[in-house]
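To start, the structure itself, in structure tokens.
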2 protein chains.
Amino acid sequence: MEDKLTQAVEDYLKAIYELSQTEGRASTSKLAEYLEVTPASVTGMIKKLASANPPLVDYQKHRGVVLTEAGMNEALETLRHHRLLELFLHDILGYPWDEVHEEAERLEHVISEKFEERIAAVLGNPKHDPHGDPIPRLDLSMPASAETRLSDLGKGDSGTIKRVRDTDADLLRHLSDLGVTPETQVKVVDYSDYDKNTHLKIKNQDEVVVLGQNITEQIYVEA
Amino acid sequence: MEDKLTQAVEDYLKAIYELSQTEGRASTSKLAEYLEVTPASVTGMIKKLASANPPLVDYQKHRGVVLTEAGMNEALETLRHHRLLELFLHDILGYPWDEVHEEAERLEHVISEKFEERIAAVLGNPKHDPHGDPIPRLDLSMPASAETRLSDLGKGDSGTIKRVRDTDADLLRHLSDLGVTPETQVKVVDYSDYDKNTHLKIKNQDEVVVLGQNITEQIYVEA
DNA sequence: ATATAAATTTAGATTAGCCTAAAGTTATTT
DNA sequence: AAATAACTTTAGGCTAATCTAAATTTATAT
């Protein structure tokens, strides 16, 4: 029962975790899309996860899956690896913001607990990765993190950028160019109901930047 | 033809490289022993390597394999990853001498060229790993390294430890305890023809240590 | 030169994770 | 409540890398 998990299993658990954040449960098709495999492959893997010992997911046919306690722990462990690695690549090895995700995606499955422990120490047991995502602690509890989306702010509201979803490297590069990175203070100077565009004044910068809703929904702030 | 190699293929090429160092060629059974798989598995993989495009080994039935130019380049590339990682784990993350090999063994297959480039830069383009093994350069040429074995020294000879074979963690721990590590200066104070034991005086140390031939053959010195 | 031992190869299975195509289930619309 | 659309599962295959067991080849010793 205590066999080491394969990389594919770790990826599935992480994906189920991510999708459950917004959806509550993870459907076969959403998982297939997220992992870029066919739905049939997902069904196959889900069955394995559900009949593992201990079971890693609760599975009801045609109704998708939810992580069990055991599955959640594995997902958080992998997530801790991933986010520590992202920060390590950025802070210690000088990777740019938008390149850390891809490299961490491969390394996370391969590093030992010792490696995890060492980079956590070198980084000073950090709470957030370079995109502002919270890093699960050693006991797998989660540090608090901003839940207000930039898209929720109205005209005149101010806040500090805390977090940007990290899956799209192009978007990260774009935001970095515009100066929209964690800890930046911003103010919504205008909002257009017609095209859902947010006009943003960035502290210490003259130009006002305009962001579409698809982008402002990916950015979290603290008022 | 330009597909990325699998981890197993990289391991085979590296093993063939290592065995070829001492044997000139790599036999099926030696490879099987080295890689801890059955000879049948080796035969299967060897056929694949030989019929790859471009071929990675020259294969003659019942006569073992030799690396081709292409195979040699892949082997050296993986070796560069491995040895850079060992030094990185030791110098930057504070791993003890005897634990770097195992971790590097897994990471070497997964890091990108960027990661390689970054750690090489952080380490200052080093020529040797923590065991004294030479690190292939970016162009895959090899820095010079000591070729005289400690077992070749006679009574009264002195030298500086330069290199210890890195595959056996217990041995490394043992030598570390005894104070036999790279750059240490030593003198052979006695040699027993009967039991092939070397009696070694270590600079700045009172006790004389006794090493069997199986060990002194794994250690390289510079006169 | 024949028998035996050692090394190697062949043949056939196994496992993990993926695929396509067909069949079945659930949800939505009229 | 029937038809259609959307989603999910089943069934059967594929590839990579391994295994065991049997067959073959090479080397060694009488």
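Throughout, a chain's letter reflects where its sequence line sits, starting with A, and its residues are numbered from 1.
- In this structure, A/Lys196 does not pair ionically with A/Glu217, as no charged nitrogen and carboxylate oxygen lie closer than 4.0 Å.
- The side chain to side chain donor-acceptor pair (under 3.5 Å) contacts involving residues 123-133 of chain B comprise B/Glu86-B/His131, B/Asp133-B/Arg163, where partners must be two or more places apart or lie in separate chains.
- With values rounded to the nearest 0.5 angstrom, B/Leu79 atom CG is found 10.5 Å from B/Met72 atom CE.
- None of B/His82, B/Gln7, B/Arg80 except one satisfies the side-chain hydrogen bond (donor to acceptor under 3.5 Å, both in side chains) rule with B/Glu108; the exception is B/His82.
- For the segment residues 20-31 of chain A, residues with any heavy atom less than 4.0 angstrom from an atom of DNA chain D are, sorted by number, A/Ser27, A/Thr28, A/Ser29.
- Taking the charged nitrogens against the carboxylate oxygens, A/Glu103 and B/Lys114 have no contact shorter than 4.0 Å, which rules out a salt bridge.
- For A/Glu23, the CD atom is densely surrounded, since the number of other residues' heavy atoms within 6.0 Å is greater than 12.
- Contact detail for B/Tyr191 and B/Thr198: the closest heavy-atom pair is CD1-OG1, 3.6 Å.
- D/dA16 atom C1' lies 13 Å from atom CG of B/Leu49, rounded to whole Å.
- In this structure, A/Leu5 places its CG atom 13 Å from P of C/dA16, rounding to the nearest Å.
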### Query
Which nucleotides of nucleotides 18-27 of chain D have their base under 4.0 Å from a protein heavy atom (B), which only their sugar-phosphate (S), and which neither (-), written as one string 5' to 3'?
SBBB---SS-
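- Between the side chain of A/Arg165 and the backbone N or O of A/Gln218, no donor-acceptor pair lies under 3.5 Å.
- In this structure, NZ of A/Lys4 is placed 20 Å from P of C/dT15, rounded to the nearest angstrom.
- Proximity of B/Tyr59 to the phosphate of C/dT9: a side-chain N or O atom is located under 4.0 Å from OP1 or OP2.
- Protein atom CD1 of A/Ile46 is 14 Å distant from nucleotide atom P of C/dG17, rounded to whole Å.
- At the heavy-atom level, A/Thr43 lies under 4.0 Å from base atoms of the strands shown.
- Atom pair A/Leu35:CG and C/dC19:P shows a separation of 10 Å (rounding to whole Å applied).
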